[in-house]
Asker: 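This is the structure, below, for whatever I ask next.
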Protein chains: 2
Amino acid sequence: MQRIRNMGLRLTPQRIAILEYLDGNVNHPSAEEIYNAVAKKYPTISFATVYNTLETLKRKKGILELTIDPRRRRYDPNTEPHHHIICVQCRKVADVHADFDLRLPESNVEGFKVLSKQVEFYGICPECDNQN
Amino acid sequence: MQRIRNMGLRLTPQRIAILEYLDGNVNHPSAEEIYNAVAKKYPTISFATVYNTLETLKRKKGILELTIDPRRRRYDPNTEPHHHIICVQCRKVADVHADFDLRLPESNVEGFKVLSKQVEFYGICPECDNQN
DNA sequence: TTATTAAGTTAGAATTAATCAAAATTAATA
DNA sequence: TATTAATTTTGATTAATTCTAACTTAATAA
Ligand SMILES: [Mn+2]
Ligand SMILES: [Mn+2]
Ligand SMILES: [Zn+2]
Ligand SMILES: [Zn+2]
């Protein structure tokens, strides 16, 4: 948790609780899921704090904000480059670890400066597939 | 516009207007942008109709719904497989036409059935880049 | 220690995108 | 031209996220 201090942030119980919940979490939780989990141990925490903290961590590159679910943002403590697949039925998000070659043909980007990239897969997870 | 009928849909002025606006449009507009554009020529159209029509067209595979902008959904009349880049500053979305090899190592997907895939690039567009 | 204070938290209101429900309208057809 | 199922409309509703302003606290330095 010294990590928080190294980012130039104050070490608060709320931040500790949020980071503890996220640490090693591969479920790509939404803000609400984070709130619910943290509120169990820390009942007075507010949504605003969850959003504030996620925004701060995102800016400090401590987490990733995923845009793979059209309904809500998902958060990922794994900031290493990797990809994702979402189940279009239950909206579960899983990691896709594969090393794709995503370099662009110079001409192609209309002069954009590329900051990051990732592949998004859409599909049906095994659990949902069973139910059909 | 016979295209609408071929989908088994009724040919309404609202749908014609929406499709005319989308046809050949490479700006990946949001529902609001579509509403505003169509409302100019067809002032009585409602948001519900825009959303209904987009949902219907999406189901019939007549358009794509993009999840690249965390704030709002974007729509794309180009249903050919291609990729996108979004300017993280002004949120402009541009096409990326490139043929990436996105096949997954069997083992890797945890049993998901893949339905579709696309690469998302994040960056800064030339216009925004100038302003810095 | 204690005092100071900028940073962080909180509750609740506000905003925004998207969905829903029910009544009114209309395109397609026979 | 009448019928009717599909579509549109309005307005309310839901849900995610942001905002505001008052309150609290972690960090620091005397
Ligand atoms: Mn991940
Ligand atoms: Mn496109
Ligand atoms: Zn699933
Ligand atoms: Zn831009």
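Below, chain A is the first sequence line, B the second, and so on; all start at residue 1.
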Asker: What integer distance in Å separates I4(A):CD1 from dA7(C):P?
Answerer: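 I4(A) atom CD1 is separated from dA7(C) atom P by 17 Å.
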
Asker: Residues in side chain to side chain donor-acceptor pair (under 3.5 Å) with R59(B), at least two apart?
Answerer: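 So R59(B) forms no side chain to side chain donor-acceptor pair (under 3.5 Å) with any residue.
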
Asker: What is the distance from CD1 of I34(A) to C1' of dA16(D), rounded to the nearest Å?
Answerer: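 It works out to 13 Å between those atoms.
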
Asker: Any sub-3.5 Å donor-acceptor pair from N27(A)'s side-chain atoms to P29(A)'s backbone N or O?
Answerer: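 A pair under 3.5 Å: no.
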
Asker: Taking ring-ring contact (aromatic ring centres under 6.0 Å, His included) as the definition, give me every residue that meets it alongside Y122(B), ordered by chain and number, with sequence neighbours left out.
Answerer: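 Per chain and number, Y122(B) pairs via ring-ring contact (aromatic ring centres under 6.0 Å, His included) with no residue.
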
Asker: List in chain and number order the residues that pass side chain to side chain donor-acceptor pair (under 3.5 Å) with R71(A), two or more places apart in sequence or in another chain; answer none if no residue qualifies.
Answerer: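 For R71(A) there are no side chain to side chain donor-acceptor pair (under 3.5 Å) partners, ignoring immediate neighbours.
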
Asker: Could you check how far CD of E65(A) sits from P of dA16(D), rounded to whole Å?
Answerer: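 Going from CD in E65(A) over to P in dA16(D) covers 15 Å.
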
Asker: Both N52(A) and G8(B) contact DNA chain D. Taking the nearest nucleotide for each, which residue is further toward the 5' end?
Answerer: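 Its nearest nucleotide lies further toward 5', so the answer is G8(B).
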
Asker: Is T44(A) close enough to dT10(C) that one of its side-chain N or O atoms is under 4.0 Å from OP1 or OP2 there?
Answerer: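 So the side-chain polar atoms of T44(A) do come within 4.0 Å of the phosphate oxygens OP1 or OP2 of dT10(C), strictly under.
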
Asker: Residues two or more places apart in sequence or in another chain: which of them pass side chain to side chain contact (heavy atoms under 4.5 Å, CB included) with E127(A)?
Answerer: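 K92(A), C125(A).
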
Asker: Among residues at least two apart in sequence or on other chains, which ones pass side chain to side chain contact (heavy atoms under 4.5 Å, CB included) with D129(A)?
Answerer: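 Counting only residues at least two positions away or on another chain, D129(A) forms a side chain to side chain contact (heavy atoms under 4.5 Å, CB included) with I124(A), K113(B).
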
Asker: Provide, to the nearest angstrom, the distance between the CZ atom belonging to R59(A) and the C1' atom belonging to dA7(C).
Answerer: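 Taking atom C1' of dA7(C) as the reference, CZ of R59(A) is at 12 Å.
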
Asker: Going by the rule side chain to side chain contact (heavy atoms under 4.5 Å, CB included), which residues pair with Y42(B) if we only count those two or more places apart in sequence or in a different chain?
Answerer: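 Once residues adjacent in sequence are excluded, the partners of Y42(B) under the side chain to side chain contact (heavy atoms under 4.5 Å, CB included) criterion are P13(B), Q14(B), V38(B), T44(B), I45(B).
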
Asker: Quick test of your reading: applying salt bridge (Lys or Arg N to Asp or Glu O under 4.0 Å), list the pairs with at least one residue in residues 37-58 of chain A, sequence neighbours left out, ordered by first then second residue.
Answerer: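 Non-adjacent pairs meeting salt bridge (Lys or Arg N to Asp or Glu O under 4.0 Å): E55(A)-K58(A), K58(A)-E65(A).
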
Asker: For F112(A), enumerate each residue passing the ring-ring contact (aromatic ring centres under 6.0 Å, His included) test, keeping only those at least two apart in sequence or located in another chain.
Answerer: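 Partners of F112(A) under the ring-ring contact (aromatic ring centres under 6.0 Å, His included) test: none.
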
Asker: In the 5'-to-3' direction, what one-character label does each nucleotide of nucleotides 23-30 of chain D receive under the scheme B = base within less than 4.0 Å of a protein heavy atom, S = sugar-phosphate only, - = no such atom?
Answerer: --BBS---

Asker: What integer distance in Å separates N36(A):CG from dA16(D):P?
Answerer: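 Computing the N36(A):CG to dA16(D):P distance gives 11 Å.
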
Asker: Looking across every strand, which nucleic acid part, if any, lies under 4.0 Å from Y42(A) by heavy atom: base, sugar-phosphate, or nothing?
Answerer: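 Since only primed, P, OP1 and OP2 atoms lie under 4.0 Å of Y42(A), the category is sugar-phosphate.
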
Asker: Estimate the overall bend of the helix from dT1(C)-dA30(D) to dA30(C)-dT1(D) from the end axes over five pairs each, rounded to 10 degrees.
Answerer: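 The two end axes of the helix from dT1(C)-dA30(D) to dA30(C)-dT1(D) meet at 30°.
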
Asker: Generate the contact string for nucleotides 14-19 of chain C. Rules: B means base contact, S means sugar-phosphate contact only, - means no protein heavy atom under 4.0 Å.
Answerer: ---SBB

Asker: Is a salt bridge present between R74(A) and D76(A), judged by a nitrogen-to-oxygen distance below 4.0 Å?
Answerer: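 Salt bridge between R74(A) and D76(A), a charged N being under 4.0 Å from a carboxylate O: no.
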
Asker: For dT10(C), does OP1 or OP2 lie under 4.0 Å from any side-chain N or O of T49(A)?
Answerer: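 Yes, T49(A) has a side-chain N/O under 4.0 Å of OP1/OP2 on dT10(C).
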
Asker: If the condition is side chain to side chain contact (heavy atoms under 4.5 Å, CB included), which residues does P70(A) pass it with, not counting sequence neighbours?
Answerer: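 Here the qualifying residues are R91(A), T67(B), R73(B).
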
Asker: Rounded to whole angstroms, how far apart are CD1 on I45(B) and C1' on dT9(D)?
Answerer: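 About 11 Å, once rounded to whole Å.
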
Asker: Please report the distance, rounded to the nearest Å, between CZ in R15(A) and C1' in dT10(C).
Answerer: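 Going from CZ in R15(A) over to C1' in dT10(C) covers 14 Å.
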
Asker: Please report the distance, rounded to the nearest Å, between CG in L57(B) and P in dA6(D).
Answerer: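 Atom-to-atom, L57(B) to dA6(D), this comes out as 17 Å.
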
